[in-house]
Amino acid sequence: MFKHASQKYSGGCYLLVRRKDESVFFLGSCFVVHEEGYLMTSCHLLEGDNEGLMAVRPPNPESFSPLSMEDVPAVSLTVVKTDAIHNTALLRFAGKIHIETPDHLLGVAENALLGSSVVCLGFPFGHRDMFNLGVQSSIISSKLKLRKQTELFLIDTTIHDGMAGGPLVNIEDGRVIGILIGRFSPDDEGGDFVRGERPDFDTNFSYAVSIEYGKTLMEEAGILPV
């Protein structure tokens, strides 16, 4: 069951990078949410700077790929909408592009129950110049609501920094229910995810914000969530 969800979304996951002068800096992960070239990620990864953003297409995840590559295809991105309170950002490929997307791509967060199996997708070692997609299995350990009413999924897997911005997929219906943020801390309402800071103690729990905030950004941009 994890295999089918991974295959369904692996082709729509990209590395999120920033090009500045002659240098390229890895920021995290992002994923396609609409056939007209819209993507979603975590707002804190942008660091308030919308310039020079690019999506890097990884090698075929089903093949054994080198740990690092000297040349990878990249496409410029524009920032469409951001929501810093709920740590969500809607991006789009620069220029018109049509992408084949699965039907019923985005799920309903409320329908995901405690103990449900989920899959996390992203690029855990992008900071080490590794362009290989990573897949981690987990379960929904808790569903939290912060004082600012932000709804979070708590999962029992430690995700690496590079996976932030990737999708959290519910195995039961094969739909995206959240956007990965990072490791969870019970202090300061789950950690300062606006700046993406780590908790100051060891934990194997991570968290994701509800995909419903991403849907709201899509609706505000005049596109219908699929």
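Since this is a predicted model, take the numbers as computed values, not measurements.
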So, [X] side chain and [Y] main chain: donor-acceptor pair closer than 3.5 Å or not?
X: S23; Y: R19; value: no
X: Y213; Y: E151; value: yes
X: E172; Y: S117; value: no
X: S29; Y: F123; value: yes
X: K215; Y: G107; value: yes
X: N170; Y: I177; value: no
X: S141; Y: I155; value: no
X: T88; Y: G214; value: no
X: D83; Y: A89; value: no
X: R183; Y: H160; value: no

Given side chains that start at C-beta, do those of [X] and [Y] come closer than 4.5 Å, heavy atoms only?
X: F26; Y: V56; answer: no
X: E110; Y: E212; answer: no
X: E219; Y: L224; answer: no
X: L90; Y: T82; answer: no
X: V119; Y: Q136; answer: no
X: L217; Y: V80; answer: no
X: L152; Y: K143; answer: no
X: L77; Y: L39; answer: yes

Atom [atom1] in [X], atom [atom2] in [Y]: separation rounded to 0.5 Å?
X: Y207; Y: L168; atom1: OH; atom2: CG; result: 13.5 Å
X: L46; Y: N87; atom1: CG; atom2: CG; result: 9.0 Å
X: T150; Y: H86; atom1: OG1; atom2: NE2; result: 4.0 Å
X: M218; Y: L106; atom1: CE; atom2: CG; result: 5.5 Å

F93 and Y14 aromatic ring geometry - parallel, tilted or perpendicular at 30°/60° bounds: perpendicular
Set of residues satisfying side chain to side chain donor-acceptor pair (under 3.5 Å) with respect to D156, sequence neighbours excluded: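 Once residues adjacent in sequence are excluded, the partners of D156 under the side chain to side chain donor-acceptor pair (under 3.5 Å) criterion are S138.
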H127, NE2: over 12 other non-hydrogen atoms inside 6.0 angstrom: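 Yes, the 6.0 Å shell around NE2 holds more than 12 heavy atoms from other groups.
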Residues forming a salt bridge (charged side-chain N to carboxylate O under 4.0 Å, His left out) with R18, sequence neighbours excluded: D49
Residues which pass salt bridge (charged side-chain N to carboxylate O under 4.0 Å, His left out) with K81, listed by chain and number, not counting sequence neighbours: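 Salt bridge (charged side-chain N to carboxylate O under 4.0 Å, His left out) list for K81, sorted by chain: empty.
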Shortest non-hydrogen contact between [X] and [Y], atoms and distance:
X: S206; Y: I159; result: OG-N, 3.0 Å
X: I179; Y: I211; result: CG1-CD1, 4.1 Å
X: A84; Y: C43; result: CA-SG, 4.0 Å
X: C120; Y: M163; result: O-CE, 3.6 Å

Among T41, V75, V79, the one residue meeting side-chain contact (heavy atoms from CB on, under 4.5 Å) with L53: V79
Criterion side chain to side chain contact (heavy atoms under 4.5 Å, CB included) on Y38 and I223, from CA distance to verdict: CA-CA 9 Å; Y38 290 89; I223 55 176; 3.6 Å; yes
